[in-house]
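A short worksheet on the structure shown next.
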Amino acid sequence: MNSLDIEVLQTALAWLERGHRVVLGTVVRTWGSAPRPPGSLMVIRDDGQVAGSVSGGCIEDDLIRRVAAGELALRRPEVTTYGQTADEVRRFGLPCGGTVQVVLEPLGPQSQLRELLTATAAHRQTRRELDLTTGLVRLGPPTAGDRVEFDGQHLATVHGPRWRLLIIGGGQLSRYLASMAVMLDHQVTVCEPRTEYHEGWDALPGVTLSSAMPDDLVLAMNLDAHSAVVALTHDPKLDDLALMEALRTPAYYVGAMGSRPNNERRRERLLAFDVTHEEAARLRGPVGLRLGGLTPPEIALSIAAELTARRRGVDLSQPLADWSGSGTVCATA
């Protein structure tokens with residue numbers, strides 16, 4: 001679950017606590033080109049207020065109208081599909097003949113939103129299974145390969161933990177990367193023991209500044225497969241401390257700024273600190289995709305692009321021009 005989905009469910013819980021009727025919409029299937037993938041969430045309040053999106057704007061207005069009128073999911077979950085006919089495709093502006101199927105679920109104590117949010121806050125992955133006949137929800141551990149599963153009777157989704165990024169160093173490049181990473185749904189922590197770099201970090205929302213030593217912070221954060229570490233200080237005393245611990249974790253990405261020769265020397269230093277050859281080989285350096293960037297914002301963009309590619313399972317050994325992507329929205333002339 002990314003931070004946007006967490007915000008959607010937090011909003012839904014707050015509305016419920018204020019006495020509103022709230023309906024949760026979850027995209028369960030798409031055919032053709034669709035603006036939002038399965039698992040996308042949206043909540044609709046009884047007075048028409050919304051949070052999240054299931055189509056990027058194509059069908060939201062119709063859902064809001066029908067939910068407010070009591071036509072959908074008044075007492076039990078139900079399924080609605082948009083784009084089944086050419087007329088619907090034109091009416092709702094769905095791209096390239098796309099079809100979207102959404103499960104609409106009236107929320108209440110049986111929905112276990114608070115329990116789900118507690119689990120994600122503790123960085124636990126949780127499988128949420130909804131019975132469409134009863135509206136009851138069961139929470140449990142996920143199984144391998146769990147994504148969105150829907151058989152017409154039961155809807156299963158897997159949530160949490162959110163993506164985390166630990167940046168070592170509080171310089172200018174770190175500020176640009178932190179801002180971009182927040183927009184890309186990372187929970188960002190900046191490790192900077194040098195107090196002379198602390199000015200101004202409190203002005204960046206969504207970013208936590210830590211004065212701890214990098215190796216101590218890596219251990220304290222208990223990094224998991226949804227975590228990334230990028231070392232940007234150019235100071236081996238700080239970067240290497242973080243890297244030697246981060247490379248032993250399941251973090252999906254560990255990278256360091258510097259030229260290829262510098263990173264080769266860094267790997268040699270790490271081997272002297274009992275980092276194994278396999279662990280040292282995981283280090284990405286130079287960090288970032290080769291986009292030709294020279295300025296701090298451009299370099300930060302290249303790093304953010306590589307983080308995104310890793311998250312999405314893109315094979316970075318292929319030239320960028322050879323990768324056509326798997327986006328769901330088709331291009332128009």
Side-chain angles (χ1 to χ4, degrees), residues 1-10 39 41 114-128 139-148 156-169 174 177-178 180-192 206-210 212-232 238-256 270 273-276 278-285 287-288 303-314 316:
M1 175 188 287
N2 61 38
S3 62
L4 297 178
D5 291 340
I6 292 174
E7 290 172 7
V8 168
L9 295 183
Q10 288 173 335
L41 302 179
R114 186 182 303 280
E115 294 83 353
L116 178 61
L117 289 168
T118 297
T120 60
H123 298 285
R124 295 197 306 270
Q125 277 201 329
T126 304
R127 176 184 171 95
R128 181 179 189 266
L139 301 181
T143 59
D146 266 348
R147 297 182 65 114
V148 178
T157 51
V158 177
H159 305 273
R162 66 182 293 176
W163 301 98
R164 293 187 290 167
L165 171 63
L166 171 60
I167 301 173
I168 310 302
S174 297
L177 177 59
M180 293 179 187
V182 168
M183 290 187 289
L184 294 170
D185 293 322
H186 282 81
Q187 185 180 55
V188 179
T189 300
V190 174
C191 178
E192 183 49 88
V207 178
T208 300
L209 178 66
S210 172
M213 291 303 293
D215 52 340
D216 293 335
L217 185 56
V218 170
L219 293 172
M221 288 182 65
N222 191 27
L223 302 177
D224 55 25
H226 286 72
S227 305
V229 179
V230 179
L232 300 177
L238 297 177
D239 286 347
D240 291 3
L241 283 174
L243 295 171
M244 71 180 185
E245 296 296 346
L247 289 167
R248 298 184 176 117
T249 73
Y252 78 90
Y253 183 95
V254 180
L270 291 171
F273 285 103
D274 294 328
V275 173
T276 68
E278 291 77 13
E279 290 166 344
R282 292 184 57 214
L283 177 64
R284 292 289 299 180
V287 71
I303 298 171
E306 187 172 30
L307 290 173
T308 301
R310 285 279 170 150
R311 279 173 54 182
R312 300 303 185 189
V314 175
L316 294 175

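Checked against side-chain hydrogen bond (donor to acceptor under 3.5 Å, both in side chains), Arg282 has no partners two or more places apart in sequence or in another chain. In this structure, Glu279 has no salt bridge (charged side-chain N to carboxylate O under 4.0 Å, His left out) partners at least two apart in sequence or on a different chain.
Residues Val229 and Leu165 approach most closely at N-CD1, 4.4 Å, considering heavy atoms. Closest approach of Ala228 and Leu307 over heavy atoms only: CB-CD2, 3.8 Å. When all heavy atoms are compared, the tightest approach of Val207 to Ala178 is CG2-CB, 4.1 Å. Of all heavy-atom pairs between Ala212 and Cys191, the closest is O-SG, 3.2 Å. Among all heavy-atom pairs drawn from Leu223 and Val218, the shortest one is CD1-CG1, 3.8 Å. Between Ala280 and Leu247, the closest heavy-atom pair is CA-CD1, 4.3 Å.
Between Trp163 and His186, the ring planes are tilted. Angles from 30° to 60° get that label.
Within the 4.5 Å cutoff, no side-chain heavy atoms of His159 are placed close to those of Asp5.
Summarising the geometry, atom CG belonging to Leu270 is positioned 8.5 Å from atom CE belonging to Met244; distances are rounded to the nearest 0.5 Å. Atom CE in Met180 sits 9.0 Å away from atom CD1 in Ile303 (nearest 0.5 Å). If you take OG1 on Thr208 and CD1 on Ile167, they are separated by 11.0 Å, rounding to the nearest 0.5 Å. Atom CG of Leu166 and atom CD1 of Ile168 lie 4.0 Å apart (nearest 0.5 Å). To the nearest 0.5 Å, the span separating CG on Asn222 from OG1 on Thr249 amounts to 9.0 Å. Interatomic distance, CD of Gln187 versus NE2 of His226, reported as 12.5 Å (0.5 Å rounding).
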Chi angles and distances behind the side-chain contact (heavy atoms from CB on, under 4.5 Å) call for Thr120, Thr126: CA-CA 8 Å; Thr120 60; Thr126 304; 5.6 Å; no

side-chain contact (heavy atoms from CB on, under 4.5 Å) between Ser227 and Asp224, intermediate numbers included: CA-CA 5 Å; Ser227 305; Asp224 55 25; 2.9 Å; yes

CA sep, side-chain torsions, deciding dist, call: Leu117, Gln10, side-chain contact (heavy atoms from CB on, under 4.5 Å): CA-CA 8 Å; Leu117 289 168; Gln10 288 173 335; 3.9 Å; yes

Full working for side-chain contact (heavy atoms from CB on, under 4.5 Å) between Thr308 and Leu184: CA-CA 8 Å; Thr308 301; Leu184 294 170; 3.7 Å; yes

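Partner of Tyr253 under the side chain to side chain donor-acceptor pair (under 3.5 Å) criterion, out of Arg311, Arg284, Glu306: Glu306 alone. Test Leu238, Leu243, Leu241 against Asp215 for side-chain contact (heavy atoms from CB on, under 4.5 Å) and you get one pass: Leu241.
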